[in-house]
2 protein chains.
Amino acid sequence: MAITRPLSRGDQTREALISAALGVFGRSGFDAASTRAIADAAGVNQALIGYHFGGKHGLYLGVFEHIVGQMQQHMAPVAEEVVSRLADAPAGQPARRELAVQLLQSIFDAFNDMSFEHAPEGWVRLILREQQDPTEAFQLLYDGIISRMIGLVTQLVAMGSGLEQSSEACRIRAMMIFGQVLVFHTARGTVSRHLGWDPPGPDSLRALKQQFRLVIESQFPPGVVVP
Amino acid sequence: MAITRPLSRGDQTREALISAALGVFGRSGFDAASTRAIADAAGVNQALIGYHFGGKHGLYLGVFEHIVGQMQQHMAPVAEEVVSRLADAPAGQPARRELAVQLLQSIFDAFNDMSFEHAPEGWVRLILREQQDPTEAFQLLYDGIISRMIGLVTQLVAMGSGLEQSSEACRIRAMMIFGQVLVFHTARGTVSRHLGWDPPGPDSLRALKQQFRLVIESQFPPGVVVP
DNA sequence: GTCTATAAAGTGATAGAC
DNA sequence: GTCTATCACTTTATAGAC
């Protein structure tokens, strides 16, 4: 935890702008979001965007730096645990398969908790937009957090399946596993209608995590080693 | 196939506008897309949007009607085949599990072919936007095609897993299966970097379909009936 | 560091000529 | 059915007072 001390007026303005911009950019996208709407939501004068961030685009990048920092904080503990448990794991094939399943489950438990509970509304939408049309901001995201997470998951898929970690098949499988949890964010409208999750509540999150655990187990069944 | 006959000038204008709007709305979203940009891309006068569609919003709805029609055409054959093969399937549990796996594979083979090969660039992005913030257009999509597809897949998941078709667990599993293929569209940026698919080509599609088939098989393993 | 005021460019819709 | 011209409004950025 960083030490918190009284923020200067300028810092307060910056924080208010970032927080407001998160929501407005998330809802409308970069082009359709107006600096006036952001300034109003932040309770701040529109001209201050230019002063503090150099303009609309600078504010946009500031938002993503903030998101990356938050995501790193949420995922760091579990990522470190996974790495250390991988380091001193026994060598036997069946034991490693079981460990892979277990670690995948804890990674995605944390990931689901973050994306459903702690992440402000705007995160998911902003990241999704950048995935569709990557700009400078996607670089921050990918290098800051995504790269590390997809790398870990790919490594665990290799361990659990017997596939070569560097193979295309293994990387495809890793993407698919992410897809199984991301779909509940990306296909929001269908989730709302087909599951009646509008919005998803604590019960939804519990049910989702349970099904995910079951699916992971069935995808890496005991005693099977894919050649 | 509908009979094709020479289009009147007005029909040509409408088609050009829909096609251009597909791309521009897809890239920029409704608010950020300008009617001038659409008209220019269509090689048509800006005032004609008002004449033919009543305005920007009417054109947007027209685009989605067009998309729903195209998707129905692509998916109808396989959907009908699935329904008929379900109708006269034998009653034995193991045989039905195997059939479910097989039908899921053919549904998603068709779905992947459509979304990677035949779907114009704009489809995926437009649908994704509506999933995030459903408007009137999402109703068209859901009632026109999504509802039917997610329903079929849920039914097959029930058959393959032994879960009750109306259970939440079963519907969650169906969403997850869609997630496994949708992620290659929704997480485009990560797919591009992690897999080097930029854009995904025929080889990518082949590899994806193969992995999907394997995953489906492992998710509904022979001889296991979930209580 | 914050504010008001405004410049310069772009927006969707539409009236009216052809 | 198509075109030009234009209205009323909103956009981002910024100059200059405090």
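Residue numbers start from 1 in every chain, and the chains themselves are labelled A, B, ... in the order their sequence lines are given, proteins ahead of strands.
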Looking only at the side chain of A:Q46 (C-beta and beyond, no hydrogens), which of the listed nucleotides D:dT14, C:dG12, C:dT2 gets closest? D:dT14

A:A47 side chain, from C-beta outward: closest of D:dT4, D:dT14, D:dT2: D:dT14

Before we go on, tell me: are the rings of A:F108 and A:F178 under 6.0 Å apart, centre to centre? yes

OP1 or OP2 of C:dT2 under 4.0 Å from side-chain N/O of A:H52: yes

Rounded distance in Å - CZ (A:F25) to C1' (D:dT11): 13 Å

To the nearest Å, give me how far apart CD1 (B:I38) and P (C:dT11) are. 11 Å

Atom-to-atom span, CG of A:D31 to C1' of C:dT11 - whole angstrom: 13 Å

Please report, rounded to the nearest Å, how far the P atom of D:dT2 is from the CD atom of B:Q12. 9 Å

Can you measure B:N45 atom CG to C:dA15 atom P for me and round it to whole angstrom units? 15 Å

Whether the side chain of B:R36 and the base of C:dG10 hold a donor-acceptor pair under 3.5 Å is what I'd like checked. no

May I ask you to evaluate whether B:T35 reaches the phosphate of C:dA13, defined as a side-chain N or O under 4.0 Å from OP1 or OP2? no

Answer yes or no: does a side-chain N or O of B:S34 lie under 4.0 Å from OP1 or OP2 of C:dG10? no

